[in-house]
Novice: 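Okay, here's the structure, questions in a sec.
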Amino acid sequence: MTDQVVITGLGVTSPLGGDVASTWEAALAGRSGVNVLEHDWVEKYDAPVRFAGELAVPAAEVLSVPETRRMDPSAQYAIVAAREAWAHTGSPEIDPTRLGTVVASGIGGVWTLLSQWDNYKEKGPRRVSPLTVPMLMPNAPAAQVSMLVGARAGAHTPVSACASGAEAIGYGTQMILSGRADMVLAGGTEAPIHPLPLAAFARMQALSTRNDDPQGASRPYDVTRDGFVMGEGAGIVVLERESHAIARGATIYARVAGFGITSDAADIAAPAPEGQERAMLAALADSGLSPRDIVHVNAHATSTPLGDLGEAGVIAKVLGEGAVVSATKSMTGHLLGGAGALETIFTVLALRDRKAPPTINVTQPEPELPIDLARDVPRDLPAGQVAAFNNGFGFGGHNASLIIASV
Amino acid sequence: MAHSESEILEGLAEIVNEETGLPTDAVTADKSFTDDLDIDSLTMMTVVSVAEEKFGVTIPDEDVKNLTTVGDAVSFIAQAQA
């Protein structure tokens with residue numbers, strides 16, 4: 001029998017909580033992690049969007065001063081999540097050459113890049129930090145996590161916009177299946193809440209501008225949705241060869257059953273349902289499961305007018321209406337490169353607890369929405385051997401679909 | 001306004017503490033940045049960069065390699081601000 005890849009550890013820092021337990025509790029309670037931004041720069045730079053999903057527990061509260069000075073916030077968040085995930089899996093002694101990392105980011109160290117450019121302009125080139133490059137490079141979170149746990153089998157960074165986090169978990173799985181590693185810390189991170197990304201996404205008309213109702217702004221599938229809400233944070237899962245996990249007596253939370261990845265080759269920003277459908281079908285084929293086995297979908301569903309309906313149609317086409325769909329970005333906002341990882345963790349926990357988290361703020365659902373949406377309160381999922389999808393789609397036409405199976 | 005050597009030492013110790021996590025009382029004049037404090041070249045450049053701003057001096061890159069001990073750096077900064 002071929003080896004399988006299982007999940008033996010989880011770590012999170014998100015707008016809903018500073019760890020997995022608090023984040024999941026808040027998600028099941030249907031709480032919003034979105035708030036008004038209380039920063040000087042909001043007024044100073046006339047930010048068009050004045051709310052976002054900031055970390056519930058600031059990274060500076062749990063990291064040392066040198067860690068916060070030497071890492072961009074995007075790497076800091078990955079370290080917070082990776083520490084929890086590694087502790088969760090028991091901080092095992094493992095051959096470092098059999099341990100890898102795959103940590104995605106959509107944008108990279110944008111805070112470092114822009115603040116150092118500010119330093120340059122205001123104070124001259126000698127005031128540019130010598131740590132600028134190692135802080136801003138998008139592979140820094142993967143490298144920092146590799147140093148945290150001593151992972152020497154390879155440290156990788158998929159960069160595929162908002163599909164990055166799901167892609168990272170898929171690549172981590174493939175790393176194990178191809179024989180390169182026995183354990184991989186995989187996930188994604190993003191720290192985009194800076195005036196420039198906010199203005200830039202707003203200029204694309206991708207962001208909600210519901211400044212008078214921040215907590216109601218992320219409303220996937222609601223007819224009044226007007227764009228996504230920016231979020232920040234990181235999610236890391238510990239992927240492990242099943243035989244390795246069993247041999248060391250690790251607790252197994254779920255199995256990565258399938259992974260499908262496609263590209264649209266159509267438009268640099270607009271989603272293409274055809275590519276999304278192929279990703280979901282590829283994941284199904286990879287898993288050997290049938291649509292009947294899928295009881296839950298954590299949808300990409302960002303609360304944009306175009307994206308949500310396209311994906312809903314794809315889910316209905318691939319799975320019918322048998323799966324309970326959750327759009328957790330309604331609570332967390334959109335963590336961009338961190339989204340797919342956080343949502344994979346939600347998917348694992350939904351299967352563990354047999355509860356699909358709610359989708360909040362849907363007061364007027366799209367008429368004839370072809371999916372069974374979990375609204376306002378968690379929905380029970382059936383017992384037995386079941387599986388769930390997590391979708392991640394990104395600007396550039398990147399589509400990643402993961403299937404997580406219960407154990 | 002010129003800083004005294006003891007103020008410079010105190011300031012350097014704070015910078016090293018923030019960049020590396022070493023306790024400030026470990027940063028004494030006789031300590032070697034590399035051999036005693038385990039500060040690599042990139043971290044040294046960062047300490048220098050922050051020190052330049054803090055003390056309002058310039059420490060040319062070619063002089064940094066001559067700053068073996070914390071005391072060397074204190075003396076250099078004291079003279080540079082004079």
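To find a chain, count down the sequence lines: A is the first, B the second, and so on, and within it residues start at 1.
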Novice: Does any backbone or side-chain atom of A/Arg126 lie under 4.5 Å from a heavy atom of chain B? Answer side chain, backbone, both or neither.
Specialist: both

Novice: Of the backbone (N, CA, C, O) and the side chain (C-beta and beyond), which part of B/Thr58 lies under 4.5 Å from a heavy atom of chain A, both, or neither?
Specialist: side chain

Novice: Counting only non-hydrogen atoms closer than 4.5 Å, does B/Ser49 touch chain A with its backbone (N, CA, C, O), its side chain (CB onward), both, or neither?
Specialist: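 Answer is both: backbone and side chain atoms of B/Ser49 are under 4.5 Å from chain A.
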
Novice: Side chain, backbone, both or neither: which part of B/Leu22 has an atom under 4.5 Å from a heavy atom of chain A?
Specialist: neither

Novice: Can you confirm whether the side chains of A/Asp118 and A/Ser115 place a donor and an acceptor under 3.5 Å from each other?
Specialist: no

Novice: Would you say CD of B/Glu62 has more than 12 non-hydrogen atoms from neighbouring residues, nucleotides or ligands within 6.0 angstrom?
Specialist: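 Yes, the 6.0 Å shell around CD holds more than 12 heavy atoms from other groups.
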
Novice: Does B/Asp38, at its CG atom, have more than 12 non-hydrogen atoms belonging to other residues, nucleotides or ligands within less than 6.0 Å?
Specialist: no

Novice: Scan A/Val238, A/Thr101, A/Asp95 and name whichever one has a side chain to side chain contact (heavy atoms under 4.5 Å, CB included) with A/Met183.
Specialist: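 Filter result, single survivor: A/Val238.
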
